[in-house]
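To start, the structure itself, in structure tokens.
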Protein chains: 2
Amino acid sequence: MVRRRPGAPTLEEVAAHAGVGRGTVSRVINNAAGVKESTRQAVQRAVEELGYVPNLAARSLAGQRADAVALVLTEPDWRQFAEPFFSEIVRSLGDALADTGMQLMLTLIRSETERQRFLEYARGGRVDGVLLMSVHADDRLPDMLADARLPTVLLGRRSGDEYVSYVDADNVGGARDAVSHLLKQGRTAIATITGPLDMYVAQCRLRGYQDALAQAGLMNSRSWVAESDFSEESGRRAMAELLERHPEIDAVLAASDTTAAGALHALRAAGRRVPEDVAVIGFDDFPLAERTEPRLTTVRQPLEEMGRAMVRLLMEEMEDQSEAWRHVILRTKLVVRESS
Amino acid sequence: MVRRRPGAPTLEEVAAHAGVGRGTVSRVINNAAGVKESTRQAVQRAVEELGYVPNLAARSLAGQRADAVALVLTEPDWRQFAEPFFSEIVRSLGDALADTGMQLMLTLIRSETERQRFLEYARGGRVDGVLLMSVHADDRLPDMLADARLPTVLLGRRSGDEYVSYVDADNVGGARDAVSHLLKQGRTAIATITGPLDMYVAQCRLRGYQDALAQAGLMNSRSWVAESDFSEESGRRAMAELLERHPEIDAVLAASDTTAAGALHALRAAGRRVPEDVAVIGFDDFPLAERTEPRLTTVRQPLEEMGRAMVRLLMEEMEDQSEAWRHVILRTKLVVRESS
DNA sequence: TTGAAAGCGCTAACAC
DNA sequence: GTGTTAGCGCTTTCAA
């Protein structure tokens, strides 16, 4: 199976065509300093005329680098992609990476086979670093990458004592702020719809919720807590459950804005007005919720900054061979929209 | 910037460790035939002991191939990702590619810069082929890839005389079938919500709709056609518009199931019952619509087959240097669910 | 400022 | 069956 166009011009041919040495051509195409302007132009003309394109495999081999980083998603439910959380992060990563001249490649891992294939790919040096999103607590992939001494940065921790480098939002603080806000509004019957509680992010948000209530000296029973899987449908179900248990509910902290959207539907179906009767606050900043409910308050995560921070940490790991871990936790911001 | 672990063992060291030649090690790690079992085991032991991982850049350079293909999305609106259309295709591509030992990498292209960067990447030989999704009519990327003699396969055509290899669904036939079905049900006031009419897929579906009506000798005025951008919101708007123009509407062919979901909302908001008063048929097979409206009929595209076909065409192009283009159009299937 | 030369680590063709 | 060897196309010293 011959896979590459056979007659592609090489650097050597360009050199011959321009009447210079190989090294000089290399310098020109890499924008290295120390080349006479006239020489540079002659080389550039030869490049144009021959339609020369550098062979990246050769460059990788000689330069010991791939000029590419992978963004890995182990989430089997790709519906996730729809979340602005995802697209914002990707956008931000793309922008941050643009300055470095690296190619961002997305990799979806759904099976053990794919996981192995990616590991070989990464350990084979096809990428200089790996960014991982939505890693579950029991996922060992980050460890395996770290063991292979590949620069690796997680978005979100797997647990409180994550040791692989990561960037995370202050989920405890965000939830606490949201609940405090509700308390200040005079709400007292505050329930919460959590994410999957085997995920650290969900645990943190639940903790923030509990902290704020405890601080206000309020009750804090499990019957005010319902679990969701971050989907709209599960939010709807959780809300219905909560309403059944506590019809007096006057506020809800939801796992995400998608979940919040589900909660909204359930509330409306039950004849409650939002936010007059029941206030709803979700995490992230889901445009859908924003569109259907512009007055909804949310806990906004600094997605743009989180992406940039991930790239920064990755670069630091690449530069520095000391294998130090770096952790960045970014503050969230409560965006208050409703007037009531 | 030193990016690769420096002390990684090479094939040469494995050979020395196992007391064999380089070629033998190469044969073993590539599962080539013609190696004595005892030798193979000795090599494998050496590989294990040294933690050897092949350098993929060297392999690429020597073997003239990358063992990777890119799936490119030029769609700036990543909300698309949510569609099962996308995730199903990716799943199917992943499965088909698994057999070939190739790595699938997703690439998102939003800006001209990213487009250029990807072109260099692909022309530099980092991928053996390119799969393109949701390409707009005025996108020149496929031509540029084809010019670079890179095996390229599109999902969907840019126009009726697309010449780059592609896999597409029979959109005209699908729409025609759907409308015929409605006519057979006794519906006569049939409107359609199209996709963006600068996309060939939308033109085809509109044509199928018109064909079926013409064949039945029915009127066919533009006032029964409303355009959407495949989103739920635009579907809702389009439906409202149509209802205003023609309150007597008793059926709608929608651009996609997402659009159909929007249409449903608009219909319900207007007090119509579905499918009793108004039948709705969309393309694809959107689970959301399925969940909220299990009785909804849809035009199902053979996504699984489409993915497999894409990989097949790509392989053929890689095998065959003759630069022939291959086109595959797959039949759609009307999945009838409502009883009325 | 530039050319020449030594690899980077692997595959594949060719000997033995 | 297995070892040897000649590249693959580039980057990067090292001289000139």
Side-chain angles (χ1 to χ4, degrees), chain A residues 1-43 46-47 50-67 101 120 123-126 128, chain B residues 1-43 46-47 50-67 101 120 123-126 128:
Chain A
M1 198 189 309
V2 179
R3 281 164 179 169
R4 296 245 0 256
R5 58 234 135 106
T10 70
L11 181 145
E12 175 120 39
E13 300 176 64
V14 175
H17 193 87
V20 301
R22 253 140 46 120
T24 305
V25 177
S26 178
R27 281 169 207 125
V28 172
I29 61 176
N30 288 298
N31 286 318
V35 181
K36 214 200 306 173
E37 186 52 30
S38 60
T39 314
R40 174 180 302 280
Q41 294 193 353
V43 171
V47 166
L50 269 50
Y52 169 74
V53 180
N55 178 319
L56 262 26
R59 175 174 286 174
S60 270
L61 182 56
Q64 305 280 294
R65 65 220 164 70
D67 286 321
E120 276 172 39
R123 301 207 300 171
R126 297 303 284 252
D128 297 319
Chain B
M1 200 191 305
V2 179
R3 281 166 180 166
R4 298 254 348 266
R5 56 234 137 104
T10 70
L11 180 143
E12 175 121 39
E13 300 177 63
V14 174
H17 193 86
V20 302
R22 258 147 35 128
T24 304
V25 178
S26 178
R27 279 171 208 125
V28 172
I29 61 175
N30 290 297
N31 286 317
V35 180
K36 213 199 309 174
E37 186 52 29
S38 60
T39 314
R40 175 181 301 281
Q41 294 193 353
V43 171
V47 166
L50 269 50
Y52 169 74
V53 179
N55 178 319
L56 262 25
R59 175 174 287 175
S60 271
L61 182 56
Q64 305 280 296
R65 64 218 166 71
D67 286 319
E120 276 173 40
R123 302 207 300 170
R126 298 303 285 252
D128 297 318

Kindly calculate the angle separating the two end axes of the helix from dT1(C)-dA16(D) to dC16(C)-dG1(D), each obtained from five base pairs, and round it to 10 degrees.
40°
Listing, residues 7-23 of chain B side-chain donor-acceptor contacts under 3.5 Å, not counting sequence neighbours, or none:
{"residue": "T10(B)", "atom": "OG1", "partner": "E12(B)", "partner atom": "N", "Å": "3.3"}
{"residue": "T10(B)", "atom": "OG1", "partner": "E13(B)", "partner atom": "N", "Å": "3.4"}
{"residue": "E13(B)", "atom": "OE2", "partner": "T10(B)", "partner atom": "N", "Å": "3.2"}
{"residue": "H17(B)", "atom": "NE2", "partner": "E49(B)", "partner atom": "OE1", "Å": "2.8"}

Smallest separation among heavy atoms of T24(A) and V35(A), with atom names:
CG2-CG1, 4.4 Å
Over how many whole Å does the gap from [X] atom [atom1] to [N] atom [atom2] extend?
| X | N | atom1 | atom2 | answer |
| --- | --- | --- | --- | --- |
| L11(B) | dG7(D) | CG | P | 19 Å |
| L56(A) | dC8(D) | CG | C1' | 14 Å |
| N55(B) | dC8(D) | CG | P | 18 Å |
| E12(A) | dA5(C) | CD | P | 12 Å |
| R59(B) | dC8(C) | CZ | P | 19 Å |
| E120(A) | dC10(C) | CD | P | 13 Å |
| L61(A) | dG9(D) | CG | P | 12 Å |
| D67(B) | dC10(C) | CG | P | 14 Å |

Could you tell me whether the side chain of [Y] reaches within less than 4.5 Å of the side chain of [X], counting heavy atoms only?
| X | Y | result |
| --- | --- | --- |
| R27(B) | T39(B) | no |
| L61(B) | R59(A) | no |
| Q64(B) | D128(B) | no |

Can a donor-acceptor pair be found, under 3.5 Å and without considering hydrogens, that links the side chain of N55(A) to the backbone of A57(A)?
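Pair found, side chain donor or acceptor close to backbone of A57(A).
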Could you pull out all residues at least two apart from S60(A) that satisfy side-chain hydrogen bond (donor to acceptor under 3.5 Å, both in side chains)?
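Only R126(B) meet the side-chain hydrogen bond (donor to acceptor under 3.5 Å, both in side chains) criterion with S60(A).
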Partners meeting side-chain hydrogen bond (donor to acceptor under 3.5 Å, both in side chains) with E120(B) (sequence neighbours left out)
none
Could you list by number each residue of residues 20-31 of chain A showing a heavy-atom separation from DNA chain C of less than 4.0 Å, or answer none if no residue does?
V20(A), G21(A), R22(A), T24(A), R27(A)
Close residues, residues 34-41 of chain A, relative to DNA chain C [heavy-atom separation under 4.0 Å]:
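Those residues whose heavy atoms fall under 4.0 Å from DNA chain C, taken from residues 34-41 of chain A in numerical order, are G34(A), V35(A), K36(A), T39(A).
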Test of understanding: with side-chain contact (heavy atoms from CB on, under 4.5 Å), list the residues that count as partners of A62(A), not counting sequence neighbours.
none
Nearest heavy atom decides the nucleotide; on that basis, is G19(B) or A62(B) closer to the 5' end of DNA chain D?
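Closer to the 5' end of DNA chain D: G19(B).
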